[in-house]
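Take a look at the structure set out below.
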Amino acid sequence: MDCMFCKIIQNKIPSKKVYEDDGILAFEDVNPQAPVHILIIPKKHIPTSLEIEEEDNELIGRMFQVANRIATDREVAERGFRIVMNCNSEAGQTVFHVHLHLLAGRAMHWPPG
Ligand code: 5GP
Ligand code: ZN
């Protein structure tokens with residue numbers, strides 16, 4: 001499968017890993033949009049949030065717990081952080097393997113651009 005993030009999971013593309021377990025990988029975004037910009041992905045290939053199924057509920061929940069843990073470790077939890085999942089083109093999704101963006105370390109704008 002020609003998926004950039006599956007290749008990162010398989011170590012075919014290098015990444016700066018932040019966290020890994022049986023089902024989840026987190027790594028630094030290659031083009032950071034904030035001082036902290038980490039991507040949290042399931043090892044299961046799910047193209048967009050539209051394909052998240054009931055059997056994925058625990059996995060998706062754990063992705064948020066990983067984001068919380070990283071935010072706490074990076075000492076941005078109290079200041080605040082943003083978790084984003086883009087779906088399809090108008091939202092700006094460019095990699096079709098679901099991922100949470102964990103963004104922190106600066107004041108965020110609202111509404112997002
Ligand atoms: P999306 O636009 O799909 O929500 O987010 C995709 C993100 O993946 C972007 O922030 C982009 O910088 C990041 N990205 C794309 N390719 C790579 C890569 O090969 N390595 C890493 N570390 N990040 C990537
Ligand atoms: Zn994939």
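Model, not experiment: these values are computed from the prediction.
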Under 4.0 Å between a Lys/Arg side-chain N and an Asp/Glu carboxylate O for D56 and K44?
yes
Within-4.5 Å side-chain heavy-atom neighbours: I8 and K17:
no
Do you know the tightest heavy-atom contact between H45 and C6?
ND1-SG, 3.5 Å
What are the two closest heavy atoms between Q93 and P47, and how far apart are they?
NE2-O, 3.0 Å
N/O donor-acceptor pair under 3.5 Å between R106 side chain and Q33 backbone:
yes
Does a sphere of radius 6.0 Å around CD in Q10 hold more than 12 heavy atoms from other residues, nucleotides or ligands, not counting ones at 6.0 Å or beyond?
yes
Note, I41 side chain near H97 side chain (heavy atom, < 4.5 Å):
yes
Over 12 non-hydrogen atoms of neighbours within 6.0 angstrom of CE in M4:
no
Quick one: are L102 and F81 in side-chain contact, heavy atoms under 4.5 Å?
yes
Working to the nearest 0.5 Å, report the span between CG of N86 and OG of S49.
9.5 Å
Test: K43 and D21 ion pair at under 4.0 Å
no
Do H101 and M85 have side chains that get closer than 4.5 Å, going by heavy atoms?
no
Kindly indicate, with the supporting measurements, whether the criterion side chain to side chain contact (heavy atoms under 4.5 Å, CB included) is fulfilled by I70 and V18.
CA-CA 8 Å; I70 295 167; V18 173; 3.9 Å; yes
Could you check if a side-chain atom of L50 sits within less than 4.5 angstrom of a side-chain atom of C87, using non-hydrogen atoms only?
yes
Are the side chains of I52 and I46 in touch, meaning some heavy atoms are under 4.5 Å apart?
yes
Hydrophobic cluster membership, with links at side-chain heavy-atom distances under 4.5 Å among I/L/V/M/F/W/Y: are I40 and V36 in one?
yes
State yes or no: do V66 and I60 share one hydrophobic cluster built from I, L, V, M, F, W and Y residues joined by side-chain heavy-atom distances below 4.5 Å, directly or via other members?
yes
Taking all non-hydrogen atoms of both residues into account, name the closest pair between P112 and R82 and its distance.
CB-NH1, 4.2 Å
Taking all non-hydrogen atoms of both residues, which atom of P35 and which atom of G105 are closest, and how far apart?
CG-O, 3.4 Å
Within 6.0 Å of CD in E75, more than 12 heavy atoms from elsewhere:
no
For Y19 and L25: C-alpha separation, side-chain torsions, deciding distance, then whether side chain to side chain contact (heavy atoms under 4.5 Å, CB included) applies.
CA-CA 6 Å; Y19 173 87; L25 177 67; over 6 Å; no
Any chance you could measure S89, atom OG, to F96, atom CZ, to the nearest 0.5 Å?
7.0 Å
Go through C3 and K7 one step at a time and tell me if the side chain to side chain contact (heavy atoms under 4.5 Å, CB included) criterion holds.
CA-CA 6 Å; C3 170; K7 287 179 184 163; over 6 Å; no
Can you get from V76 to L100 by hopping between Ile, Leu, Val, Met, Phe, Trp and Tyr side chains that sit under 4.5 Å apart?
yes
Using side chain to side chain contact (heavy atoms under 4.5 Å, CB included), reason through I38 and R74 one step at a time and then give a plain yes or no.
CA-CA 11 Å; I38 292 163; R74 297 285 176 108; 3.7 Å; yes
If we ignore hydrogens and angles and just use 3.5 Å, is the side chain of E28 paired with the main-chain N or O of V30 as donor and acceptor?
no
Kindly give the heavy-atom pair with the smallest separation between L59 and P42, and that separation in Å.
CD2-CB, 3.7 Å
Can you tell me how the ring of H99 sits relative to the ring of F5, calling it parallel under 30°, perpendicular over 60° and tilted otherwise?
perpendicular
Any donor-acceptor pair under 3.5 Å linking the side chain of R69 with the backbone of F64?
no
